[in-house]
Amino acid sequence: MQNVNKPIYKLIPPQEMIQFMLKYSFFHKQVTQIPDSVIVTKKIDFDKMTEAFNIEIERNDCLRLCFFKQNGNIMQYFRDPYRVGNVPVLEFSSDEEREKVLTEDARTPIRMLKGEIFRLKFFKTHDGRYGIYICIHHLVMDNAAVFMFFNDLFAIYDHLTEGKPMPKPLGSYEERIKKELAYVEDKSNLEKEKEAYTQYITKNGEPLYLGVEGPKLLEAERKKKKNPDIMAPSLFDPIHDKAELTKKTVPLELSKKVFKFMEDNNVSGECLVQLAMRLHLSKINGGHLDTYFISLCTRRRTLTEKRSGGTVTAPLPWRVHLEEDDTFFDALEKMSEAQVWAYRHMDYPYLEYRDLQRELFNYSAAAGASTMMFSWFPIDEKSMNGWDYEYIGYGLGRYIMVLYTFAMKDVHSGCLKTSFLHRTKFVSTEDIDALQNGMVKALELGISNPEITVKELLEKI
């Protein structure tokens, strides 16, 4: 590399986890990028939006990240502010054309080591709306950072076009990197968290894999290895990484009830939707009531951190043990307790936790007991600076995990929307259909009668 007259940093643990993902999909580098678009009804002057984006580059330091290899390791530094020139403007004659073109871009790897960290495109839809698409490397932004980016970009645009006040300054990702590196350099932090995680994950014995496809993968592993006691099948296959993004929508009337239930009972979507999915998994896996997901945590505590870019999100273990006589409300309380525990211990690097699991349970490099990775996207009507918008993600075509599920309120339709990125070798579209249907039934039963027991729920879903 050329000489850099800037501070150089190692990757922080959340970035290391992203880079580690390539080991389980080593032919397809697009698995480490985020392709999103926001479509709005408000007319956009694309020249003004380009100007807004150039201001965003000055404000949002993660957009100035550069990466290079040094002794086999990925290193990074922050370049000075720069400007982009002409941003491509696409015009689509149908939703199908937009989906096809932008999905093709989403599946094209970003040349991160050649100075490319994102691709930005503007577009017009067939029904007279306007859109902004960004495909950005996951080492640069996580999903929370992408949402914040769009919000800030629209606020800058409103300032340029309508004279509204400039949004408040953004937090510094560079300062967060310094803080994260200092944390892991203090080995006492890691030792303390290792002890806490050991107690947490072994409290109810070794976790059992509860597959979306039912017990067939676990049973096949036990038969293959001639060991009926295996609890976690080998599912991380770096060759067969083909994946589909299957999108589902909960009917509007039920969605309204779900959001009202959340508001009336101060329940997070993260807990409610996960619980409904977990109940389905218990139903199709012999009634086993100990479910284990990996949930993504944004790890943004302060207002300044919430208004910062970069990748700081990390996967956290959410293991929840229910009893048959627990009510739906009881189960939600246990979900909330698991969430609070995870948030209190969010700074333990996921790769350290991964090694700990292998040490505790003698896992192979390809084995794991968690059913899925799960994200709740906490976006609403105010999330894009108050603009009327539709948020759309695009499929990568390949992925490293068996299943990554994310859910959110779709402001455009008012519905609860769920999306499932699943490896087709392990999880079929029919499995996803069943998961969605089971989740919907559990939501209907639980929110209509929160005192219903888990046993009764499993009999009815």
Side-chain angles (χ1 to χ4, degrees), residues 1 4 6 8-38 53 56-57 59-70 72-79 81-82 84 87-88 102-121 132-150 152-153 170 172-174 176-177 180 241 243 245 296 298-299 308-315 350-351 373 375 393-401 404 406 421:
M1 62 160 285
V4 177
K6 298 286 183 183
I8 294 173
Y9 305 100
K10 299 176 182 177
L11 298 183
I12 61 175
Q15 292 176 308
E16 288 184 322
M17 187 272 296
I18 297 300
Q19 193 64 15
F20 179 80
M21 289 166 62
L22 292 176
K23 289 192 174 184
Y24 294 111
S25 185
F26 50 64
F27 292 133
H28 301 104
K29 290 182 168 51
Q30 68 265 37
V31 300
T32 55
Q33 54 202 45
I34 300 177
D36 289 342
S37 71
V38 173
F53 183 75
E56 181 71 10
I57 290 172
R59 291 167 53 85
N60 195 347
D61 62 351
C62 74
L63 288 170
R64 305 196 301 272
L65 272 171
C66 295
F67 300 94
F68 65 96
K69 271 193 174 181
Q70 185 178 75
N73 297 314
I74 303 292
M75 308 295 286
Q76 60 190 329
Y77 66 93
F78 292 83
R79 62 185 289 194
Y82 61 95
V84 299
V87 177
L102 296 183
T103 296
E104 183 178 347
D105 185 89
R107 295 179 176 184
T108 303
I110 290 173
R111 298 168 298 173
M112 179 259 292
L113 293 176
K114 295 184 178 180
E116 181 186 51
I117 60 170
F118 64 83
R119 290 190 295 269
L120 182 72
K121 301 180 190 297
I132 300 174
Y133 164 88
I134 191 168
C135 183
I136 193 158
H137 202 284
H138 211 332
L139 290 181
V140 178
M141 285 189 190
D142 51 31
N143 273 304
V146 173
F147 299 147
M148 189 280 301
F149 156 75
F150 277 119
D152 199 59
L153 183 67
L170 301 182
S172 167
Y173 186 47
E174 185 170 12
R176 182 63 184 265
I177 284 177
E180 296 262 337
D241 63 350
L245 180 62
L296 286 184
T298 64
R299 298 180 65 248
S308 72
T311 288
V312 296
T313 294
Y350 180 76
L351 294 183
M373 187 164 69
S375 289
Y394 299 89
L396 299 168
R398 307 283 174 171
Y399 205 56
I400 58 99
M401 295 180 181
Y404 174 26
F406 47 97
L421 185 56

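Inter-residue side-chain proximity for L65 and H137 is flagged as unmet; no heavy-atom pair is nearer than 4.5 Å. With contacts defined as side-chain heavy-atom distances shorter than 4.5 Å, the pair L245/Y399 does not qualify. Proximity of L22 to V31: side-chain heavy atoms (C-beta onward) are separated by under 4.5 Å at one or more points. A 4.5 Å side-chain heavy-atom check between M141 and L63 finds at least one atom pair inside the cut-off. Using a 4.5 Å cut-off on side-chain heavy atoms (C-beta onward), N73 and L11 make no contact. Counting heavy atoms from C-beta on, the side chains of Q76 and L139 never come closer than 4.5 Å. No side-chain heavy atom of T313 sits under 4.5 Å from any side-chain heavy atom of N143. Within the 4.5 Å cutoff, the side chain of D105 has no heavy atoms near those of the Y394 side chain.
Counting all heavy atoms, side chain and backbone alike, R398 lies closest to S25 at CB-OG, 4.3 Å. The two residues A106 and G395 have their closest heavy-atom pair at CB-O, 3.9 Å. The shortest non-hydrogen separation linking C62 to G310 is SG-N, 3.4 Å. Closest heavy-atom contact between P109 and Q30: CG-OE1, 3.9 Å. A pairwise comparison of heavy atoms in I74 and Q19 identifies CG1-NE2, 3.9 Å as the closest pair.
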After noting the C-alpha distance and the side-chain angles of H28 and L396, does the key distance pass the side-chain contact (heavy atoms from CB on, under 4.5 Å) rule? CA-CA 9 Å; H28 301 104; L396 299 168; over 6 Å; no

Evaluate L153 against I132 for side-chain contact (heavy atoms from CB on, under 4.5 Å), listing each step before the verdict. CA-CA 10 Å; L153 183 67; I132 300 174; 4.0 Å; yes

Begin with the C-alpha distance, continue with both residues' side-chain angles, and end with the deciding distance and a verdict on side-chain contact (heavy atoms from CB on, under 4.5 Å) for F68 and I8. CA-CA 10 Å; F68 65 96; I8 294 173; 3.7 Å; yes

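In this structure, the separation between SG on C66 and CD1 on I117 is 7.0 Å, given to the nearest 0.5 Å. Between E16 atom CD and L351 atom CG the span is 6.5 Å, to the nearest 0.5 Å. How far NZ of K69 is from CE of M75: 13.0 Å, rounded to the nearest 0.5 Å. To the nearest 0.5 Å, atoms OG (S375) and CG (L421) are separated by 11.0 Å. Once rounded to the nearest 0.5 Å, the distance linking CG of D142 with CD1 of I34 reads 6.5 Å. To the nearest 0.5 Å, the span separating CG on D36 from CZ on F147 amounts to 6.0 Å.
Side-chain N or O atoms of D61 include one that pairs as donor or acceptor with a backbone N or O of E174 at under 3.5 Å. Remark: side-chain polar atoms of R64 are paired, donor with acceptor, to backbone N or O of I57 under 3.5 angstrom.
Within a 6.0 Å radius of CD in E116, more than 12 heavy atoms belonging to other residues, nucleotides or ligands are found. The 12-atom threshold is not exceeded at NZ of K10, counting heavy atoms of other residues, nucleotides or ligands nearer than 6.0 Å.
No donor-acceptor contact under 3.5 angstrom links the side chains of Q15 and E180, judged on distance only. No donor-acceptor contact under 3.5 angstrom links the side chains of Y173 and T311, judged on distance only.
F20 and Y24 have perpendicular rings, their planes meeting at more than 60° on a 0 to 90° scale where under 30° would count as parallel. Classified by interplanar angle (parallel below 30°, tilted 30° to 60°, perpendicular above 60°), the ring pair Y9/F78 is perpendicular.
None of Q33, R119, K29 except one satisfies the side-chain contact (heavy atoms from CB on, under 4.5 Å) rule with T108; the exception is R119.
Ring to ring, F118 and F149 are not that close: their centroids are 6.0 angstrom or more apart.
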